[in-house]
Amino acid sequence: MDTRRQRLVIGLSAVLALSSGLLGVSPVAQAAALPGWVSAPPQDNLIAFFGVGEGPSLNEATQQALRSIAGKLSTRIRSDAVSSGGISGNTVTRSYQETVEAYIQDIKLSAYNVRQTELVSGRYFVLVEMSREDFVRDTRLQLDTVEADLRRRLDPKLTARPFQRFLGCQAAPGLIDQARLLTLVLSTADTFFEANPAMERYEAYQRDCAQALQNLTLQLQASPAFEPVAEAVGQALNVRTVSSGRADGRLEIKGTVTNQEMFGNLNAVVDLSVALLDDRNSVVARKSYRLNGISMISYDGARQDALRKFLNAGGVEQILTDLRLN
């Protein structure tokens with residue numbers, strides 16, 4: 001073979017290898033005879049979605065095929081969401097796409113079947129079909145469940161007292177985000193589903209909860225030794241706080257301090273307790289923390305050191321998370 005022909009063969013091989021990479025098929029497998037459904041899989045239609053996967057095992061190839069379907073759906077969902085104004089610009093991110101794909105992966109088990117399999121050069125190839133009808137049915141069921149939970153938590157008849165409304169709204173953001181996602185998934189998969197009424201309903205939930213938080217007042221109580229923690233928590237809370245007088249709920253910060261001397265240093269072990277109480281003096285949530293501080297001067301300095309280290313290490317955020325106040 002002359003040099004020109006050798007270069008031509010090498011060039012064609014490089015093109016084939018590049019084409020294989022773009023199609024998601026390994027060059028080794030491309031060199032062997034592949035079934036037609038690998039290079040030209042069926043197109044999605046009103047009956048089903050299709051995906052092709054490749055892997056060292058049948059299971060891994062199937063999972064890749066399902067990820068292919070999830071990727072196509074998530075792209076459509078994001079496109080639909082942007083064009084309809086269903087989500088804000090900063091939500092259209094990689095994390096949003098991953099959330100969509102993770103959701104689709106979670107519900108796949110009841111909605112797909114393997115149409116074709118092939119073993120080529122030690123690699124498995126799989127064609128997966130996902131039933132659009134089953135996918136839509138499962139998504140509707142999940143959306144109905146989330147919406148029922150939202151109605152239960154935010155029903156004005158069940159949350160007449162401000163603190164009840166406040167507690168209902170604490171869980172609302174996550175449920176609203178989930179409901180929005182399911183609504184977008186459903187509107188993309190089901191051509192007869194209208195997303196706008198549901199999206200408007202979720203916006204109304206958010207407005208109502210924002211108003212509920214704005215109207216709520218918490219009484220912040222703390223013993224003098226723990227006022228630095230109380231002050232930091234009060235600044236981080238999204239609701240109004242008072243030190244005395246009428247309030248819709250109460251946040252208590254108290255604890256005990258054990259002093260001891262070790263190796264010439266003064267140590268303070270602080271057992272901090274934070275509790276959220278409703279307007280009927282019932283404990284809604286309580287959390288305890290053990291803190292340690294050290295000082296060479298005084299036990300009071302050791303206590304302050306323990307509280308300072310706790311706050312610097314994100315203690316306020318931890319309290320708000322544990323008590324579901326953020």
Worked verdict on V274 versus F226 for side-chain contact (heavy atoms from CB on, under 4.5 Å): CA-CA 10 Å; V274 184; F226 303 107; over 6 Å; no

Shortest non-hydrogen separation from R165 to A212 and the atoms involved: CG-CB, 3.6 Å

Heavy-atom pair with the smallest gap, counting every atom of R201 and E147: NH2-OE2, 2.8 Å

Residue pair E54 / V120, side-chain heavy-atom distance below 4.5 Å: no

Single-linkage hydrophobic cluster, 4.5 Å side-chain cutoff, L213 and V284 together: yes

Intermediate values then yes/no, side-chain contact (heavy atoms from CB on, under 4.5 Å), F125 and T117: CA-CA 6 Å; F125 293 84; T117 63; over 6 Å; no

With sequence neighbours excluded, residues passing side-chain hydrogen bond (donor to acceptor under 3.5 Å, both in side chains) with Q206: R180

Nearest-0.5 Å distance, CG of residue D190 to CG of residue L46: 10.0 Å

Smallest separation among heavy atoms of G293 and A306, with atom names: N-CB, 3.5 Å

All pairs passing side chain to side chain donor-acceptor pair (under 3.5 Å) where residues 245-265 contributes a residue, at least two apart: Q221-R250, R246-D248, R250-E252, R250-N281

T139 OG1 to R137 CZ distance, which is reported to the nearest 0.5 Å: 9.5 Å

Contacts of type salt bridge (charged side-chain N to carboxylate O under 4.0 Å, His left out), residue D144, not counting sequence neighbours: none

Distance, nearest 0.5 Å, that separates CD of E231 from CD1 of I253: 11.0 Å

4.5 Å side-chain heavy-atom contact, L237 and L251: yes

Sequence neighbours excluded, every pair satisfying side chain to side chain donor-acceptor pair (under 3.5 Å) that has a member inside residues 285-296: D271-R290, Y289-D322

Salt bridge (charged side-chain N to carboxylate O under 4.0 Å, His left out) partners of K309, counting only residues at least two apart: D305

Contacts of type side-chain hydrogen bond (donor to acceptor under 3.5 Å, both in side chains), residue Q211, not counting sequence neighbours: N215

Transitive ILVMFWY side-chain link L307 to V269, under 4.5 Å: no

Salt bridge (charged side-chain N to carboxylate O under 4.0 Å, His left out) against R115, all qualifying residues, sequence neighbours excluded: E129

Residue pairs involving residues 156-265 (criterion disulfide (SG to SG under 2.5 Å); sequence neighbours excluded): C169-C209

Side chain proximity check, L277 to Q219, heavy atoms < 4.5 angstrom: no

Audit row: R161, D278, side-chain contact (heavy atoms from CB on, under 4.5 Å) steps and yes/no: CA-CA 10 Å; R161 289 156 44 216; D278 64 13; 3.9 Å; yes

Pair listing, ring pair (Phe, Tyr, Trp, His ring centres under 6.0 Å) test, anchored in residues 148-176, at least two apart: F163-F166

Distance (rounded to the nearest 0.5 Å) between L182 CG and D177 CG: 11.0 Å

Side-chain donor-acceptor pair present, D300, Q304, cut-off under 3.5 Å: yes

Inter-residue atom distance Q64.CD - N59.CG, 0.5 Å rounding: 12.0 Å

Atom of L266, atom of A302 and distance for their closest heavy-atom approach: O-CB, 3.5 Å

Joint hydrophobic cluster, L141 plus V136, side-chain heavy atoms closer than 4.5 Å: no

Any side-chain heavy-atom pair of R123 and P56 under 4.5 Å: yes

V52 versus P41, closest heavy-atom pair with distance: CG2-CB, 3.5 Å

M262: hydrophobic cluster co-members (side-chain, 4.5 Å): F263

Side-chain cluster (under 4.5 Å, hydrophobic types only) that V242 belongs to, other residues: none

Check: R132 and F49 side chains under 4.5 Å, non-hydrogen atoms: yes

Beyond-backbone contact of F50 with D44, side-chain heavy atoms, under 4.5 angstrom: yes

CA sep, side-chain torsions, deciding dist, call: L34, E118, side-chain contact (heavy atoms from CB on, under 4.5 Å): CA-CA 8 Å; L34 292 178; E118 192 81 21; over 6 Å; no

Taking every non-hydrogen atom, the tightest pair across L276 and L323: CD2-O, 4.2 Å

Min side-chain heavy-atom separation L127-P42 under 4.5 Å: yes

Distance (rounded to the nearest 0.5 Å) between L154 CG and L175 CG: 8.0 Å

Inter- and intrachain pairs under ring pair (Phe, Tyr, Trp, His ring centres under 6.0 Å), touching residues 175-213, at least two apart: none

Q170 side chain to R324 backbone, donor-acceptor under 3.5 Å: yes

Side-chain (R303) to main-chain (V270) donor-acceptor, under 3.5 angstrom: no

